[in-house]
Amino acid sequence: MRTKISQITQKDIGKEFKIMGWIKSSRISKNFSFIEINDGSCFNNLQVILNSDIPEYEFITSKITTGASVSIIGDLVKSQGKEQAFELVAKKINILGECDPEKYPLQKKRHSFEFLREIAHLRARTNTFGAIARVRNTLAFATHEFFQQKGFLYINTPIITAADCEGAGEMFRVSTLDPENLPKTDKNNIDYKKDFFEKPAYLTVSGQLEGETYACALSDIYTFGPTFRAENSNTSRHLAEFWMIEPEMAFADIKDNMNCAEDYIKHCIKSVLEKCPQDIEFFNKFISPGVIDKLKNVLAQPFERLEYTKAIEILKNSTKKFEYSVEWGTDLQSEHERYLAEEHFKKPVILYNYPAHIKAFYMRQNDDGKTVAAMDILVAGIGEIIGGSQREERLDILEAKMDKMELDKQSYWWYLELRKYGSVPHAGFGLGFERLVQFVTGMENIRDVIPYPRYPGHCDF
Ligand code: ATP
Ligand code: MN
């Protein structure tokens, strides 16, 4: 039976193992060869020693090339070298899949992340992308663990939707109409009655509104699913397809929301530090020096909680030159968000009570009449990682707000009924999963923390 490399420890010295994996590098010589094998189960490679007494030594070593896949049976011995505690002395080796070293795009040198995006089908074999995949997996598991331990139900909200949830993001259209031959109405408009859903449909930008309906029945729920935004944003923080975690809690206010969000982020960081030490060590050394201290610093103290109004004062009094100036009422740019978290407070910041007019219609109006109970969490290197709010549970205020924002109340009839039948205070937030992976790994570009990034002009693989 095959053993994964992650399973093998120092205690196993003296035992026989069969391992399978890909050759990362090799040093071939006449009497013996060293081969580094990785199977993705952990960051570290297993060093294999191949002695020339093995049958067909010369033929086999001619096939030992970077990228080739192998199956090896051998005995685990204490290593002579300083690099590793143990190594495998091969007794039998099978080349499963050869790899032409002249053609293999992943040479044993450092490739740029831009280049690796062009070979995204192979990049998971590199140290960096293997480590990202494992950290991403651990963060997904930690997400479920956190909410399940707290008694939240995992629910699945629709991916195709007919409602422009917030009137917020630009949406991707879902249609089976033939774009070359669109059916028209008498008035020469597109006849959506002939489309699959008999009305315009889109990919969801958020599962929040549907999530609220389940929270208003089951108390605490969370979603974890794909979200789509057709914005033309070419930044290192935006994707057209990304994953979002959206908890929603009934009988909860903005404070409960902040506490939940802070605990959740801390739980995720703890989990990665505990479960992926080799991967994080790698990021700390080669990708983002100091990232481990940064994460430990996040765990060590409470997040700063600050009203939007106070943040504007801080930004206006700062000597830092910003590209965009701020006034009370302006939406913060990423440069402002980062300044607050990175430079001013040097820890994550929960900004709350934003001006009503820059936030979505469903956010709960505060008694001052100007602000809403919204909260964003800002972190170093990224800016906004979470956006959330207490929701407006009062029907009359919600309807008045929708009228003011010229939203079609008819199409939100079901959402409004939550406020008619047993309305409760409730709150929730959305965390962009890729931004969390970015934060934890210190990777600079969001396109490198999702296996196959979708962004303007790019939908390959
Ligand atoms: P931003 O201002 O950074 O564009 P937003 O305010 O439009 O974000 P929300 O609608 O509040 O984003 O979405 C909730 C969370 O989803 C954000 O806090 C962020 O972590 C993440 N997110 C939003 N848009 C994207 C995107 N295009 N790609 C990746 N993650 C995103
Ligand atoms: Mn937001």
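Indexing begins at 1, ligand by ligand and atom by atom, following the structure's order.
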A.B. asks: Determine how many protein N/O/S atoms sit closer than 2.8 Å to the Mn ion (ligand 2), leaving waters out since they are not shown.
C.D. replies: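 With waters ignored, the protein N/O/S count below 2.8 Å is 1.
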A.B. asks: For ligand 1, is any non-hydrogen atom under 4.0 Å from H238's backbone (N, CA, C, O), its side chain (CB onward), both, or neither?
C.D. replies: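 Both backbone and side chain.
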A.B. asks: Whether the side chain of H267 engages the backbone of I265 through a donor-acceptor N/O pair (distance < 3.5 Å, no angle test) should be reported.
C.D. replies: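 Pair absent, no side-chain N/O of H267 close to backbone of I265.
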A.B. asks: Measure from atom 28 (N) of ligand 1 to every heavy atom in L239, V379, T235 and give the option owning the shortest one.
C.D. replies: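 The option holding the nearest heavy atom is L239.
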A.B. asks: Would you call the rings of Y154 and H144 parallel, tilted or perpendicular if under 30° counts as parallel and over 60° as perpendicular?
C.D. replies: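 The arrangement is perpendicular - the two ring planes meet at more than 60°.
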A.B. asks: Which of the numbered atoms in ligand 1 are under 4.0 angstrom from any heavy atom belonging to G387?
C.D. replies: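 Close to G387: 18 (O).
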A.B. asks: Just going by heavy-atom distances, which of Q438, R229, E384 is nearest to atom 2 (O) of ligand 1?
C.D. replies: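 Nearest heavy atom to atom 2 (O) of ligand 1 lies in E384.
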A.B. asks: Could you tell me whether I386 approaches ligand 1 through its side chain, its backbone, both or neither, with non-hydrogen atoms closer than 4.0 Å?
C.D. replies: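 The backbone, only.
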A.B. asks: Taking both backbone and side-chain atoms of I446, is any N or O found less than 3.5 Å from an N or O belonging to ligand 1?
C.D. replies: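 In this structure, I446 places no N or O atom under 3.5 Å from an N or O of ligand 1.
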A.B. asks: Is there a donor-acceptor contact under 3.5 Å linking the side chains of S389 and R391?
C.D. replies: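 Yes, side-chain donor-acceptor contact under 3.5 Å.
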A.B. asks: State, without any angle test, whether Y415 and E212 hold a side-chain donor-acceptor pair at a distance under 3.5 Å.
C.D. replies: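 Side-chain D/A pair, Y415 to E212: present.
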A.B. asks: Would E434 count as a contact residue for ligand 1, given that I'm defining contact as a non-hydrogen atom of the residue lying under 4.0 Å from a ligand atom?
C.D. replies: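 No, that is not the case, since the closest heavy atom of the residue is not under 4.0 Å from the ligand.
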A.B. asks: Assess, by modelled atom type and distance only, whether the side chains of S175 and D195 contain a donor and an acceptor separated by less than 3.5 Å.
C.D. replies: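 Per modelled atom types, S175 and D195 side chains form a pair under 3.5 Å.
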A.B. asks: Under 3.5 Å, is there a donor-acceptor pair between the D253 and Q390 side chains?
C.D. replies: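 Their side chains do not contain a donor-acceptor pair, so the 3.5 Å distance test is not met.
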A.B. asks: Between R237 and ligand 1, which residue portion shows a heavy-atom distance shorter than 4.0 Å: side chain, backbone, both, or neither?
C.D. replies: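 For R237, the contact with ligand 1 is made by both the backbone and the side chain.
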A.B. asks: Is it the case that the side chains of W243 and T227 hold a donor-acceptor pair, with the cut-off being a distance below 3.5 Å and no angle test?
C.D. replies: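 Checked: T227/W243 side chains show no N/O donor-acceptor pair below 3.5 Å.
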A.B. asks: Is the positively charged end of K401 above the ring of Y362, judged by distance under 6.0 angstrom from the centroid and angle within 45° of the axis?
C.D. replies: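 Ring-cation test returns no.
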A.B. asks: If you take the centroid of each ring, where Trp contributes its six-membered ring, are F197 and Y192 closer together than 6.0 Å?
C.D. replies: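 Ring centroids of Y192 and F197 are no less than 6.0 Å from each other.
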A.B. asks: F282 and A131: which non-hydrogen atoms are nearest, and at how many Å?
C.D. replies: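 Looking at all heavy atoms of both residues, the shortest contact is CD2-CB, 4.4 Å.
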A.B. asks: Has ligand 1 got any nitrogen or oxygen that is less than 3.5 angstrom from a nitrogen or oxygen of G432?
C.D. replies: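 Yes, since at least one N or O of G432 sits under 3.5 Å from an N or O of ligand 1.
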A.B. asks: Would the distance check show the side chain of N284 and the main-chain N or O of I292 forming a donor-acceptor pair, the cut-off being under 3.5 Å?
C.D. replies: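 Yes: the side chain of N284 pairs with the backbone of I292.
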A.B. asks: Among F228, W243, F439, F242, which residue places a heavy atom closest to atom 30 (N) of ligand 1?
C.D. replies: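 The nearest heavy atom belongs to F242.
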